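Here's the structure we're looking at; comments come further down.
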Amino acid sequence: MSLADRYVDFLTAEGYRPSVDEDGDVLFKHEGGHYYISVADEDELFFQLVYPRFWSIEDEDERGRVLNNANEINLRFKVVKIYTRDGDTTATLECFMNSLDDFKGYFERCMRAVQRAVSEFRELMIQSGQADGVSADPESKN
């Protein structure tokens with residue numbers, strides 16, 4: 001059984017409706033967000049959960065706030081990283097496993113960690129926008 005098949009079977013059993021994209025990554029939705037598990041066949045014991053493009057960067061002023069707030073989250077959270085690319089902000093959680101099925105035992109904790117980091121990032125963005133006199137409407141963001 002391939003690594004992608006293991007992830008698909010697990011997510012299906014947990015009530016998700018996963019699919020595999022053309023790169024072999026496993027896509028799924030959770031609470032309105034689009035996530036994926038990056039499948040690295042060359043390193044099967046590496047687990048990466050990705051929440052891509054959850055915050056779009058509107059301009060250079062906002063880019064500075066995004067970078068500062070992403071830095072803050074990266075300092076405060078274990079294994080979760082927030083970074084920017086091509087005008088969007090992405091969160092990842094990366095860790096090593098001892099066996100191929102380890103992810104099953106900590107998948108929910110991984111999801112909670114990413115969601116918590118993203119939630120705190122969004123709150124920091126709102127606060128920093130208000131401090132800068134910017135109207136930050138979280139409902140207008142992804």
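For clarity, every value in this text was computed on a predicted model and none was experimentally measured. Residue numbers start at 1 and run along the sequence shown.
If you take CG on L124 and OG on S119, they are separated by 9.5 Å, rounding to the nearest 0.5 Å. Distance check: F121 CZ to I126 CD1 gives 10.5 Å after rounding to the nearest 0.5 Å.
Note: the hydrophobic cluster containing L93 does not contain Y83 (ILVMFWY, side chain heavy atoms under 4.5 Å, direct or indirect links). Both F10 and Y106 are part of a single hydrophobic cluster, where members link through side-chain heavy atoms under 4.5 Å apart. The hydrophobic cluster containing M111 also contains L11, counting ILVMFWY residues as joined when their side-chain heavy atoms lie under 4.5 angstrom apart, directly or transitively.
Between the side chain of N74 and the backbone N or O of A70, at least one donor-acceptor pair lies under 3.5 Å. For T89 (side chain) and W55 (main-chain N/O), a donor-acceptor pair under 3.5 Å exists by modelled atom type. With hydrogens and angles ignored, the 3.5 Å screen pairs no side-chain donor or acceptor of R53 with any backbone N or O of D88.
Counting heavy atoms from C-beta on, the side chains of R63 and T84 come closer than 4.5 Å. M97 is not listed as a side-chain neighbour of F46, based on a closest heavy-atom distance of 4.5 Å or more. Residues R65 and E62 meet the side-chain proximity criterion, which asks for heavy atoms closer than 4.5 Å.
Across every non-hydrogen atom of F47 and L49, the tightest pair is CE2-CB, 4.0 Å. The two residues L3 and A40 have their closest heavy-atom pair at CD2-O, 4.3 Å. Between D102 and S99, the closest heavy-atom pair is OD1-OG, 2.8 Å.
Residue pairs meeting the side-chain hydrogen bond (donor to acceptor under 3.5 Å, both in side chains) criterion with at least one partner in residues 3-14, sequence neighbours excluded, are S2-D5, R6-D101.
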One pair to check against side chain to side chain contact (heavy atoms under 4.5 Å, CB included): F103 and C110. What are the steps and the verdict?
CA-CA 9 Å; F103 74 93; C110 292; over 6 Å; no
With side chain to side chain contact (heavy atoms under 4.5 Å, CB included) as the criterion, how do T90 and V50 come out once you've worked through the C-alpha distance, each side chain's angles and the decisive distance to 0.1 Å? CA-CA 7 Å; T90 293; V50 182; 3.7 Å; yes
Starting from the C-alpha separation in whole Å, work towards a yes-or-no answer on side chain to side chain contact (heavy atoms under 4.5 Å, CB included) for N71 and I73. CA-CA 5 Å; N71 238 11; I73 295 300; over 6 Å; no
Would you tabulate the side-chain donor-acceptor contacts of residues 20-39 under 3.5 Å, counting partners in other chains and residues two or more places apart, or write 'none'?
unit_1	atom_1	unit_2	atom_2	d
D21	OD1	D23	N	2.9
D21	OD1	G24	N	3.0
D21	OD1	D25	N	2.9
D25	OD1	V39	N	2.9
H30	ND1	Y16	OH	3.0
H30	NE2	Q115	NE2	3.1
E31	OE1	Q115	NE2	3.1
S38	OG	Q48	OE1	3.4

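With sequence neighbours left out, the side chain to side chain donor-acceptor pair (under 3.5 Å) criterion links R76 to E120.
Side-chain atoms of N69 and S128 form a donor-acceptor pair, as typed in the model, at a separation below 3.5 Å.
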